Amino acid sequence: MTDPAPNENDGQPPLSKQDKRARVGATAAAIAIAAVVTSIVLGIGIAALLATAGGGTEEATEDLAAPTAAATTTIAGTTTTPASPVVPVVPPSASAPPTTTPPALGTAGQVNKEAKQAPPKVEVAAGECLSGFGEKEVTEAPCGSTESRYKVSAVGPAGTACPADGDATHTIADTTLCLDIDWVVGSCADVSGDHPQRADCAPGGVQVVSILPDTNSVNACPSADRGFVYDERRFVVCFADL
């Protein structure tokens, strides 16, 4: 008789095909579960590493961005708003000078502050001529010129009585001017009003033909139609009609 072959399953009866398939399926399931668990563990580890690396990167990014932002803020500040001046702090001491010192007001300053404005001064003498006058000044002109209107017959303090036969009186501040028309032989005048006025030579006016001193008679005028008599000072201005 032939000896039976040794049992490969250590005395166990041989597995059927169905049992082998079940064992293979269980082994594959175990391997799959192990692979899944391993994948989960690896995923958690990788996520932790990424989170740690990400936090460091954000901090580094913030650290790197902060100077840039500060620099940008500084540049923007210098462009839009001028920097405030730095005021040095001086410790209190007896010898430290004050930061601001008002100018001292001496006696002269007080006098100038309290003094009233000086009245206008008229520097004109009798015999000089004027082209015009105002409230505070007079305008001089050469006697006999076309600009001259009045001749100053007298100068005195305010209230001075001028000759009764004078043509005009003008007072500036504390000075009174007594004025006559600056008569010039050959010049023309308008004698239609109460007082004659120098005027352009034109029809309707008169022309001075002579000035006679020491008389108050218009009849003394030679070849004249009429005359203007200054009785108090005794002279006559003789006219011819134009």
Side-chain angles (χ1 to χ4, degrees), residues 103-242:
L105 183 63
T107 304
Q110 294 176 353
V111 171
N112 291 336
K113 184 176 181 180
E114 297 175 358
K116 295 181 179 179
Q117 185 177 2
K121 185 177 181 181
V122 180
E123 296 182 353
V124 63
E128 295 181 339
C129 295
L130 309 176
S131 62
F133 46 78
E135 296 181 357
K136 297 182 179 181
E137 62 182 5
V138 296
T139 304
E140 297 186 44
C143 293
S145 66
T146 55
E147 294 83 11
S148 175
R149 294 181 58 199
Y150 293 100
K151 177 178 286 188
V152 179
S153 60
V155 179
T160 297
C162 293
D165 58 0
D167 294 317
T169 301
H170 187 67
T171 300
I172 297 179
D174 57 356
T175 303
T176 294
L177 304 178
C178 302
L179 306 173
D180 288 333
I181 295 175
D182 182 24
W183 296 116
V184 178
V185 175
S187 65
C188 298
D190 179 6
V191 294
S192 59
D194 295 335
H195 298 281
Q197 299 288 332
R198 284 277 295 271
D200 295 333
C201 296
V206 295
Q207 187 173 26
V208 179
V209 294
S210 61
I211 300 174
L212 304 179
D214 300 324
T215 182
N216 55 7
S217 175
V218 71
N219 294 327
C221 292
S223 304
D225 299 307
R226 46 186 164 162
F228 192 83
V229 180
Y230 291 82
D231 290 321
E232 183 176 336
R233 289 170 292 168
R234 290 179 56 80
F235 69 92
V236 177
V237 180
C238 302
F239 303 119
D241 293 329
L242 295 176

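Here the structure is a predicted model, which is why all the values come from computation and not from measurement.
- Between Ala168 and Tyr150, the closest heavy-atom pair is CB-CE2, 4.0 Å.
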Using the rule given for side-chain contact (heavy atoms from CB on, under 4.5 Å), can you reason through Val236 versus Cys221, listing the C-alpha separation, both sets of side-chain angles and the distance that settles it, and then say yes or no? CA-CA 8 Å; Val236 177; Cys221 292; 3.7 Å; yes
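- Of all the heavy atoms in Pro222 and Leu212, the pair that sits closest is CD-CD1, 4.3 Å.
- With a 4.5 Å cut-off on side-chain heavy atoms, Cys162 and Ser153 do not count as touching.
- Closest approach of Arg198 and Thr146 over heavy atoms only: NH2-CA, 4.2 Å.
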Stepwise, does the side-chain contact (heavy atoms from CB on, under 4.5 Å) test hold for Val206 with Arg226? CA-CA 9 Å; Val206 295; Arg226 46 186 164 162; 3.6 Å; yes
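- Separating the CG atom in Asp167 from the CD1 atom in Ile181 is a distance of 4.0 Å, to the nearest 0.5 Å.
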Show your working on side-chain contact (heavy atoms from CB on, under 4.5 Å) between Val152 and Leu179 and close with a plain yes or no. CA-CA 5 Å; Val152 179; Leu179 306 173; 3.8 Å; yes
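- Separation of atoms CG (Asn219) and SG (Cys238) is listed at 10.0 Å; rounding is to 0.5 Å.
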Assess the residue pair Leu177 and Leu130 against the criterion (side-chain contact (heavy atoms from CB on, under 4.5 Å)); give the C-alpha distance rounded to whole Å, side-chain angles, the decisive distance to 0.1 Å, and a yes or no. CA-CA 11 Å; Leu177 304 178; Leu130 309 176; 4.2 Å; yes
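- Within the 4.5 Å cutoff, side-chain heavy atoms of Val191 are placed close to those of Phe239.
- When all heavy atoms of Glu140 and Glu123 are compared, the closest pair comes out as OE2-O, 3.4 Å.
- The backbone N or O of Ser192 sits less than 3.5 Å from a side-chain atom of Asp190, completing a donor-acceptor pair.
- With rounding to the nearest 0.5 Å, the separation of NZ in Lys151 from SG in Cys129 is 5.0 Å.
- Residue pairs meeting the side chain to side chain donor-acceptor pair (under 3.5 Å) criterion with at least one partner in residues 176-186, sequence neighbours excluded, are Ser148-Asp182, Thr171-Thr176, Asp180-Arg233, Trp183-Tyr230.
- For Arg234, there are no salt bridge (charged side-chain N to carboxylate O under 4.0 Å, His left out) partners at least two apart in sequence or on another chain.
- When all heavy atoms of Ser131 and Glu147 are compared, the pair lying nearest together is CB-O, 3.2 Å.
- Counting only distance, with no hydrogens or angles, the side chain of His170 and the backbone of Thr175 share no donor-acceptor pair below 3.5 Å.
- Residues Cys201 and Gly186 approach most closely at SG-O, 4.3 Å, considering heavy atoms.
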